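Everything numeric here is computed off the predicted structure, so don't read it as measured data.
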2 protein chains.
Amino acid sequence: MDNINIKILAKKLNISTSTISRAFNGSPDINKDTKERILAFAKEHNFLPNHYASNLRDKKSRTLAVIVPEIANDFFAQAINGIEEIARKKGFYILLYRTDDVFEKEVSFINYLNNGKVDGIIMSVSGEANDHNYLRQLEQKNIPVVFFDRVYEDIEAAKVITNDYDSSFAATEHLIDTGCKRIAYLVVNKSISIGKVRMQGYIDALQKHGIPFNDELVIDCSNDEKVNYGILKKVLEELKPDGIFSSVERLAFATYYVCHDLNIDIPRDLKVISFSSLHIAPLLNPPLSTITQPAFELGSKAASLLFDELESKGLPIQKKQHVLKSKLYIRKSSGG
Amino acid sequence: MDNINIKILAKKLNISTSTISRAFNGSPDINKDTKERILAFAKEHNFLPNHYASNLRDKKSRTLAVIVPEIANDFFAQAINGIEEIARKKGFYILLYRTDDVFEKEVSFINYLNNGKVDGIIMSVSGEANDHNYLRQLEQKNIPVVFFDRVYEDIEAAKVITNDYDSSFAATEHLIDTGCKRIAYLVVNKSISIGKVRMQGYIDALQKHGIPFNDELVIDCSNDEKVNYGILKKVLEELKPDGIFSSVERLAFATYYVCHDLNIDIPRDLKVISFSSLHIAPLLNPPLSTITQPAFELGSKAASLLFDELESKGLPIQKKQHVLKSKLYIRKSSGG
DNA sequence: TTGTACGCGTTATCAT
DNA sequence: ATGATAACGCGTACAA
């Protein structure tokens, strides 16, 4: 009973394997009655066509890979939901992989996938000025890739991003409007695409309002909570900014913790605004002003684009960059 | 270039396919030089063994399925991280599926998996008093299942849960200690295993302290935010509880929103404590007292148990229930 | 140490 | 409408 397969079924039903195959694949060339008989019998005997055998024949896996830096993160979790939604509709499986923002893990995973394991890949990248040839090899094997949020500029692929420059500009301008003169920009890696673009919005907004850009106020943080706490504590004590624009949610949280310990009152002493997908931002103390990206939509759009490519049957498709809009929610942390 | 495979490689190298296969599978029966030559040549030609062909031969997919009610949820996201951590070490892929707490989706997905698609399944369930035969069929095919957090009592399988009864008892007792007399219990589905156990801890703690159990104060909520808001608003206005014990994170959030709108002061007018895996509970207004489950460890433990089964080579293994301990964090929302 | 040959379970092609 | 057969790419038993 361990190994029911199409042949055994065929024997038991006194019918050929081809007919059984047809019953399962919606082929029009089959008698309705035989089909029903087969499906009923198959169900009774707990038979389902083996995916791996089918995949081997078809060179199609109905599976796609999702590669993200983190999973336990509101933004990515919601994006994955969006991807899942579309994939489910198409009857596709999702293979999930987390890079922890380590470039080597990304490379190694992609290399593993380079053999028909998946039909396509959706990813938010974890490196920047590196050699991206491992991705070019996918092209050769006709495995399409779609980037979302964090992209590689030098790779030609469909991309879904948000209007980060505009949002950053607007957020910075908002802080300036509330009276901030010394606005610090918090970033995890200012060299990656996202860090760069968001910083440019910040810089240009300062310039527009005649505030000199101060390199010192660009705070390069890490992925380690404790390290960030230390960095930010020093910044708040020594540089005494009056505004914080955080390009990443968790740096805003770290700021909150530091302010609490240093008795710095938000928003009186320090205004804070941050990129964040946190649903309960209004419940924080004080409610956090956020630039909220349409995470779910980024995911579902990316998935849709991937399916467009898969369904284009190799015909060249326009691989352009799609820009979705984030929303600015002004709350109490920035004086709202 | 699209179709490099072991045969073509063999021809190019003037060597047999078996030798190539051996080079890739760590076989001892191969000359070190030949192996190196093969691997180098393969890399150069961007060749990797096709997973589906290997899987078909071996009847092993090196893939496991993770089935959860939600992804964009701190608890499950962290648990998935834990699973991923172990799976990665073992070189396994993870197939992710979200049920949205809809039992039918769970059944349908499991049925799809019932054909060798994955070697094992880790899940947190989405149904209760239903027919679980779809799971028994997995047994027949030797696909092991491990449950975490939300389990089916009637299925024999390894299970990883937390000491919910004790935590609930302690949390309720804590509320009583702070002076609460009318403690409401918020639950999404009081008939599922978790809802039941947590409620029992609540009931028994009340009893121990001579507080009569009031059925009216067991508040059955839904998965819809707006509906919950309505329910809780009515509860707070009409039943006027002085304490809230929430068995689920998001009901605590809903309570916060309602309190804010009704000008109910937490903790002065109402003490709140909740099961929650939110990292930033201390940043809420007021900081939320939580029962925090070791989500990451639940996931990694579940994965470890699954690999124990997979590596036991069919030998019967003891399928017991493992209980991890949650932590109680008393914060300001309950007067801490 | 290396090679030969078969089979894993399915489906597409061709024939009936 | 149904059946026979080859092929997908790999790994292993067996032979050399």
For K12(B), is there an ion pair with E44(B) - N to carboxylate O distance below 4.0 angstrom? no
Here the distance between atom C1' of dG3(D) and atom CD1 of I38(A), to the nearest Å, is 12 Å
Q) Is the shortest distance from a Lys or Arg side-chain nitrogen in K60(A) or D119(A) to a carboxylate oxygen in the other one below 4.0 Å? A) no
**Message:** Whether K35(B) and D33(B) form a salt bridge (side-chain N of Lys/Arg under 4.0 Å from carboxylate O of Asp/Glu) is what I want to check.
**Reply:** no
Heavy-atom check, side chain of Y97(A) versus side chain of E84(B), under 4.5 Å:
yes
Expected string for nucleotides 7-16 of chain D under the B/S/- scheme (protein heavy atoms, under 4.0 Å, primed atoms plus P, OP1, OP2 as sugar-phosphate) is BBBBBB----
| query | Are any of the side-chain heavy atoms of L64(A) and Y93(A) separated by less than 4.5 Å? | reply | no
Footprint ends on DNA chain C, 5' to 3', for atoms under 4.0 angstrom from a heavy atom of chain B, come out as dT1(C) to dG9(C)
Note to self: Check whether Y52(A) forms a cation-pi arrangement with R57(A) (NZ or CZ under 6.0 Å from the six-membered ring centre, at most 45° off the ring normal).
What the structure shows: no
Check whether any side-chain heavy atom of D149(B) lies under 4.5 Å from a side-chain heavy atom of F75(B), and answer yes or no. yes
When I67(B), I83(B), I80(B) are each screened for side-chain contact (heavy atoms from CB on, under 4.5 Å) with L96(B), the one that passes is I80(B)
* Is the NZ or CZ atom of K159(B) positioned over F148(B)'s six-membered ring, under 6.0 angstrom from the centre and within 45° of the axis? -> no
Given the rule in the side chain to side chain contact (heavy atoms under 4.5 Å, CB included) test, do N111(B) and Q137(B) qualify, once you have shown the distances and angles that lead to the verdict? CA-CA 9 Å; N111(B) 283 336; Q137(B) 292 176 357; 4.1 Å; yes
If each end axis of the helix from dT1(C)-dA16(D) to dT16(C)-dA1(D) is fitted on five C1' pair positions, the angle between them, to 10 degrees, is 30°
